[in-house]
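Worksheet: one structure, shown below.
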Amino acid sequence: EVEITVTVAKKQINAPTISAEYRQQVYTGATLTSGLKSAEGYIVIDNGAINVGIHNVTVALESDNYIWSDTTTEDKVLSYRIVAADNQWTTAPTIPSWVYGEAGNTGTAGAFAGVVTIEYKAAGADDSAYSTTLPTNAGAYIARFTATDSNYNDLVATCEFVIEKATIEAPSIAEDK
C-alpha cells in the first residue's frame with residue numbers, strides 16, 4: 001500500500017498599496033478614504049476620516065488559505081494623510097483710523113473657517129510687540145488679523161491705521177476792563 005501526502009500551499013497575494021491620488025488628500029469636510037477595496041484574499045478595514053491628520057487603514061488576509069507575497073501573514077497597516085484646505089476671507093480685514101479721545105475701532109474681518117483674532121502694534125515695532133490690547137495713544141499702528149482652524153491653512157493680513165492727535169482750541173486770556 002502506498003501512502004500519498006498532498007500539501008496544498010497557501011496562495012500568495014500582493015498586499016495593496018494606496019495610490020498616489022489617495023495618499024495625500026485636501027480636507028473637504030466630507031469623509032475621505034484610502035480608496036482601497038477588499039479583493040481576493042484580503043479584507044480592507046477603512047472607516048474613513050474627516051479631519052486633517054494621518055489616518056491608518058488595516059488590510060487583513062481573509063483566511064488561512066492566503067499568505068502575503070513577502071511570506072508574512074500579519075495584518076498590513078497603511079496610511080494616508082488629509083492636509084489643510086485653503087481658507088479665504090469672507091469679509092476683508094479693515095480697521096478705520098480715529099481721533100485720540102474718541103472710541104477706538106477694533107477692526108472687522110470674517111473668514112470662511114475659524115476664529116479671527118486681531119492684534120495691534122505700533123508701526124515699525126517688532127512683530128513680538130503684537131498685543132490684543134487696542135492702542136489708545138495718538139500714533140501710527142498696524143493691526144494683524146489671523147484666522148485659524150485646524151482643518152484650514154491660517155489666514156493672516158495686516159492693515160495700517162492711525163490714531164490722529166486731537167485738536168484743541170488754544171486758551172485765550174480775557175482782558176479785564
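Along the sequence shown, residues are numbered consecutively beginning with 1.
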Distance, nearest 0.5 Å, that separates [atom1] of [X] from [atom2] of [Y]:
X: T58; Y: E74; atom1: OG1; atom2: CD; value: 13.0 Å
X: D149; Y: F112; atom1: CG; atom2: CZ; value: 9.5 Å
X: Y66; Y: Q12; atom1: OH; atom2: CD; value: 13.0 Å
X: T132; Y: Y120; atom1: OG1; atom2: OH; value: 8.5 Å
X: Y27; Y: N51; atom1: OH; atom2: CG; value: 6.0 Å
X: Q25; Y: I82; atom1: CD; atom2: CD1; value: 6.0 Å

So, do [X] and [Y] sit near enough that their side-chain heavy atoms are less than 4.5 Å apart?
X: E102; Y: I163; answer: no
X: R81; Y: V83; answer: yes
X: W68; Y: V59; answer: yes
X: W89; Y: V116; answer: yes
X: K11; Y: N65; answer: no
X: E62; Y: I13; answer: no
X: V57; Y: V44; answer: yes

Could you report the tightest heavy-atom contact between [X] and [Y], atom names first, then the distance?
X: N14; Y: S69; result: OD1-OG, 3.0 Å
X: P93; Y: C159; result: O-SG, 3.3 Å
X: N151; Y: V52; result: OD1-N, 2.8 Å
X: T158; Y: I142; result: CB-CG2, 3.8 Å
X: I118; Y: G107; result: CD1-O, 3.6 Å
X: S79; Y: I54; result: CB-CG2, 3.9 Å

**Prompt:** Is D127 paired with K121 through a side-chain N to carboxylate O contact shorter than 4.0 Å?
**Reply:**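 A salt bridge is present here (some side-chain N lies under 4.0 Å from a carboxylate O).
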Do any N or O atoms from the side chain of [X] and from the backbone of [Y] form a donor-acceptor pair under 3.5 angstrom?
X: D46; Y: S34; value: yes
X: R23; Y: I18; value: yes
X: Y80; Y: L32; value: yes

Establish whether [X] and [Y] are linked, either directly or via other cluster members, by ILVMFWY side-chain heavy-atom contacts under 4.5 Å.
X: I67; Y: V8; value: no
X: Y22; Y: Y42; value: yes
X: I50; Y: I45; value: no
X: L36; Y: I43; value: no

**Asked** Hey, what else clusters with V77 if you join Ile, Leu, Val, Met, Phe, Trp, Tyr whenever side-chain heavy atoms sit under 4.5 Å?
**Response**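 Other cluster members: none.
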**Request:** Could you give me the CA-CA distance, side-chain angles and deciding distance for N153 and N87, then say whether side-chain hydrogen bond (donor to acceptor under 3.5 Å, both in side chains) is met?
**Result:** CA-CA 6 Å; N153 293 316; N87 202 352; over 6 Å; no
